[in-house]
Every structure is written in structure tokens, then in C-alpha cells.
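Okay, so here's the structure we're looking at.
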There are 2 protein chains.
Amino acid sequence: MDGSFEPIERAPAYMKVFRAIEEKISSGALKDGAHLPTEADLCAQFGVTRSTVREGLRLLEQAGLIVRGPAKKFFIKRPAASDIAAAASKSFALGGVTFSEVWDALATMYPEAARLAAMRLSKARIGELEKSGDALKAARDDDHEATVEGAVAFFQLIAKGLDNRVMLAMLQSLNLMIGESLRHVIARAPKAKDRILDAQRKLVEAFKARDGDVAADWMTKHIADLKRGYEVAKVDMDAAIL
Amino acid sequence: MDGSFEPIERAPAYMKVFRAIEEKISSGALKDGAHLPTEADLCAQFGVTRSTVREGLRLLEQAGLIVRGPAKKFFIKRPAASDIAAAASKSFALGGVTFSEVWDALATMYPEAARLAAMRLSKARIGELEKSGDALKAARDDDHEATVEGAVAFFQLIAKGLDNRVMLAMLQSLNLMIGESLRHVIARAPKAKDRILDAQRKLVEAFKARDGDVAADWMTKHIADLKRGYEVAKVDMDAAIL
DNA sequence: TTAATCCTATTGTCGGACAATAGCAATATG
DNA sequence: CATATTGCTATTGTCCGACAATAGGATTAA
């Protein structure tokens with residue numbers, strides 16, 4: 001006989017609200033850009049009170065599935081690569097990952113990204129890379145903020161040019177972390193701007209020539225060089241990034 | 001003159017509650033594993049009502065910064081790599097990334113991961129890899145679930161062995177996505193198990209020999225082979241993963 | 001026609017209330 | 001004495017009702 005019972009489904013109501021709406025989003029029943037019904041409507045539909053609905057909405061909000069539109073109304077938004085990257089890098093920081101872990105990942109992934117980029121970057125994207133370099137060149141040598149932005153923008157353009165949202169999100173989360181940390185050491189790294197510009201120039205040449213090996217090679221050097229800046233600045237690579 | 005005013009800080013109270021607690025966590029004032037005060041306490045401390053506090057808690061909950069302990073009490077938890085990976089892969093799925101994007105990322109990143117693994121895997125970890133292979137070999141050939149688990153477990157062990165939480169999270173999120181999708185096609189991929197086992201064997205050999213080039217090479221083949229399974233199964237690689 | 005004003009729908013916050021539940025203490029039972 | 005049951009208490013989950021704040025649209029004034 002089987003007179004025993006299954007454990008009954010016992011999740012808080014706000015969680016069920018969250019899951020229900022999440023389901024409707026992932027199934028496409030609630031399309032990207034559509035407005036969420038008002039809280040009062042949701043109360044009626046789910047048969048719960050506004051407090052409960054609102055707790056569910058907070059979950060959706062933090063999950064990045066809904067964003068505030070005009071008039072505070074929520075509308076549906078499927079998470080973009082940049083959202084994932086931002087959330088991930090924040091979590092990494094909170095999780096206490098170290099500089100060396102980030103740089104290690106950077107050194108592992110970006111050369112291959114560069115190799116791929118050599119094959120895949122559009123002419124327009126390569127043009128953007130050159131323009132970004134020109135902008136950096138035009139900046140004053142002691143404008144460290146411009147140097148950091150120029151370095152990060154270059155990585156960013158490569159990541160975007162791969163035309164792959166998964167890799168974009170991953171590389172972008174690395175970009176966010178190195179950008180934040182570069183800012184703190186750039187002032188102490190002599191000649192950083194010149195060396196960055198040189199590497200970028202070589203990389204663009206490789207991209208133009210569609211030479212993946214050379215691109216990967218220069219990216220390796222570029223990253224090693226950036227890392228050296230950290231060592232010169234005597235940053236403890238085993239400390240957590242903030 | 002500058003008689004103009006800055007835009008005043010106007011964030012909802014529940015958001016401020018969220019940020020305040022998040023701050024205390026990231027600054028270390030609330031240590032990992034510590035219990036959060038009761039809702040009533042938080043009300044008193046922040047000077048807001050329980051509804052407001054609870055909405056803030058929902059944000060923290062979804063952000064993965066607090067988890068339910070026994071007795072429903074919350075305690076602090078810094079996000080681990082696996083949390084980040086799970087959140088990211090979920091977001092990728094909701095964002096509608098395609099099979100080919102995932103496989104593209106896989107093919108780009110894992111060979112380099114394997115190269116690194118050849119240098120970095122501990123003997124114990126390599127032993128685990130072999131044991132995982134033995135377990136897969138022992139499974140029945142038509143036990144597709146075991147095949148999928150064996151394939152994913154192998155990737156998982158390599159990712160863990162890199163001893164880098166950033167890469168672990170990234171590779172793990174890929175693992176989650178391919179695992180989920182492999183499950184749907186494995187039955188239609190003939191001889192999949194044998195070919196997987198063969199690649200795994202070659203990879204372990206390369207790891208033992210600490211030969212990064214060979215490891216990267218076999219990983220490339222292994223992944224290409226898995227991908228071919230998809231093509232044989234006539235999966236639309238441009239469709240969104242679910 | 002444009003600018004100021006009112007109106008309305010919706011969100012943000014409040015306060016209180018009570019049921020549900022987990023953990024613990026007290027009690028009963030053998 | 002050991003164990004099982006019961007009751008107690010603190011805390012969370014949910015509900016209700018209320019009101020201020022605000023954004024947008026409608027309406028009126030210029």
C-alpha cells in the first residue's frame with residue numbers, strides 16, 4: 001500500500017508570486033518591454049495582499065527581470081549581458097575574490113578572446129578601436145582617469161565585437177573589476193599610458209591583418225604589462241578586491 | 001555663482017535598508033555566518049516599519065547575501081562561486097542566449113582552462129578525475145543520465161581544480177547550461193559515451209604528464225565532438241537554450 | 001497655443017493585527 | 001530515569017486598512 005503522503009508544497013506566498021511571474025517571463029507570456037500589471041491587479045489575480053505582492057516584486061527587481069519605467073511603473077526586461085556582468089562582478093567583490101584571481105582569469109581568457117576577435121571583429125568595430133586609441137592619445141599624460149577609461153574601453157570594444165552574449169558578460173565582468181582596481185594604481189605606474197597605447201596599436205594591427213596568433217600574443221603581453229603595473233605599485237595581489 | 005542645488009537623494013526606504021545592510025556585509029561589519037537581527041530589531045534600528053524592512057530583506061535574499069538558517073532566521077552569506085554561476089546561467093537562459101553562443105564560449109574558454117589545469121591540478125584532483133571516469137565507464141551504455149552527469153562532472157572537477165573562484169564561477173555557469181541542454185540530445189547521439197570516455201582518458205593522461213598543449217588540444221577535440229552531437233541530433237543551434 | 005493647475009491612478013510607507021511555526025521548556029508517561 | 005508529549009514564546013508570514021507622495025493626463029487660465 002502507499003497511504004503515505006508527499007511533502008506538501010510549502011513556500012512563502014511571496015516566493016510563489018516571484019516564481020509565477022518569472023515563469024511567465026521566461027515562457028514568453030510576458031514579453032520583453034511589456035508593462036507589469038499594477039500591484040492592485042496582481043493582488044486580485046494572485047489572491048494575496050499588496051505587501052505580499054510587493055515582496056515578490058522586490059525579488060524580481062533584484063533579479064533584474066523588471067525595471068522601473070516612467071511613472072515608477074515596472075516593465076519586463078530580459079537580463080542583458082551587461083546586467084549579468086554587473087551582478088557577477090558585484091558578487092565577486094562581495095565574495096572576496098582576490099586581485100590575482102581576477103588577473104589570472106584575465107590572462108587566461110583575454111588572449112583567446114583576442115584570437116577570436118581577429119577573426120570576428122567587423123571593420124566598423126576595428127575603426128572604433130582606433131578611435132578609442134586616438135582619444136586616449138589626445139588626453140593629457142597625467143589624466144589618469146582617461147588612461148583607465150581608455151584601457152577599459154578597449155577591452156570593452158573587443159568583448160562586444162565577439163558577438164556572443166555569454167562571452168560578453170564574462171569578459172565585461174572582468175572589465176568592471178579591473179577598471180575599478182586600475183583606478184587605484186594607475187597614478188603610480190610610470191609610462192603606463194604609453195605602454196597601453198603601444199599594445200593597443202599592435203593589437204589593432206593584428207585585427208586588421210586578421211592574424212589571431214599575433215593578436216593573442218600581444219594581448220598576453222598587454223595583460224602581463226598591466227599586471228606588472230600592480231606589482232610596481234606594490235599592491236598585495238592576494239588581497240580582496242573592493 | 002553656484003546657487004543651484006544638487007538633485008537630492010531620493011531612493012525608496014526599502015532600497016536604503018538593502019544598501020545599508022549590503023554595506024555592512026561588504027565592509028565586514030556583518031561577518032559571514034552571523035545572524036541578521038530580527039525584523040523587529042531592524043525596524044527599530046532603521047526607524048521604518050516591518051513591511052519596509054521585509055522588502056529590503058527580499059532584495060538581500062535574491063542578491064544571495066542572506067540565506068535562511070534553521071528557524072527561518074536569516075544569516076549572512078558571502079556569495080560563493082557556485083551561487084554566482086547559478087544566477088548567471090539562469091539570467092543567460094532568461095536573456096535568451098543561444099546554443100551556439102554557449103558552445104562558442106565553451107570552445108574558447110575550456111581549452112585554455114585545460115592548459116592551465118595541466119599545470120595546476122593537484123594529484124588528488126587528477127585522481128578524482130580518474131574515479132569520475134571509472135564511474136561513468138561502469139554505468140550502463142543506455143543510462144544517458146549517467147553519461148551527462150559524467151561529462152559535466154569532468155568539466156566541473158577541472159574548473160574546481162584551477163583554484164580560482166572567478167574562473168570557477170564562469171566555467172561552472174557554462175557547465176550548468178551545457179548539462180541542461182546535453183540532457184535533451186544525448187539519447188540521439190550514438191556512441192556518445194565511448195567518445196566522451198576516450199577524450200577524458202586522453203585529457204587525464206595529459207594532466208598527469210603536465211602537458212598543457214596536449215591538454216588544450218584534446219579539450220578542443222572533446223568540445224568539438226560534443227558539439228557535433230548536437231548537430232547530429234539536429235538541434236537548432238540558433239535557438240535559445242531553455 | 002502655451003502654461004499653470006487640478007485630478008486620478010499608483011506607488012511608498014505606515015501601523016496594527018493575527019495565524020503559522022520552530023525551538024525550547026515543562027510535563028506526563030512508561 | 002529516559003522518552004514522548006504538550007504548552008510556551010519569539011519570530012516570521014500574511015492580511016487589512018489607511019494615507020502621503022508623486023507622475024501623467026486632463027482641465028482650465030493666459
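Each chain gets a letter, A, B and so on, in the order its sequence line appears, and its residues count up from 1. What you see is a predicted model, and the numbers here were worked out from it, not measured in a lab.
Nearest-nucleotide positions on DNA chain D for B/Lys73 and A/Tyr14 put B/Lys73 closer to the 5' end.
Within a 6.0 Å sphere centred on NZ of A/Lys24, heavy atoms belonging to other residues, nucleotides or ligands number 12 at most. Annotation: A/Lys227, atom NZ; neighbour count of heavy atoms from other residues, nucleotides and ligands within 6.0 Å is above 12.
Screening residues 79-104 of chain B for salt bridge (Lys or Arg N to Asp or Glu O under 4.0 Å), with sequence neighbours left out, gives A/Glu22-B/Lys90, A/Arg120-B/Asp104, A/Arg165-B/Glu101, B/Lys77-B/Asp83. Residue pairs that meet the salt bridge (Lys or Arg N to Asp or Glu O under 4.0 Å) test with at least one member in residues 28-39 of chain A, sequence neighbours left out, are A/Glu39-A/Arg50, A/Glu39-A/Arg54.
Side chains of B/Ser181 and B/Tyr230: a donor on one and an acceptor on the other come within 3.5 Å.
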Identify each donor-acceptor pair in which a side-chain atom of residues 146-157 of chain B lies under 3.5 Å from a protein atom, sequence neighbours left out, and give them as a table.
residue, atom, partner, partner atom, Å
B/Thr147, OG1, B/Asp143, O, 3.3
B/Gln156, OE1, B/Asn175, ND2, 2.6

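Contacts between chain A and DNA chain C, taken as any atom within less than 4.0 angstrom of a protein heavy atom, begin and end at C/dT10 to C/dA22.
Partners of B/Glu61 by salt bridge (charged side-chain N to carboxylate O under 4.0 Å, His left out), not counting sequence neighbours, listed by chain and number: B/Arg58, B/Arg68.
Looking at residues 37-54 of chain B, you'll see B/Gly47, B/Val48, B/Thr49, B/Arg50, B/Ser51, B/Thr52 sit with a heavy atom under 4.0 Å from some atom of DNA chain C.
The backbone N or O of B/Ala87 lies less than 3.5 Å from a partner atom in the side chain of B/Ser91, making a donor-acceptor pair.
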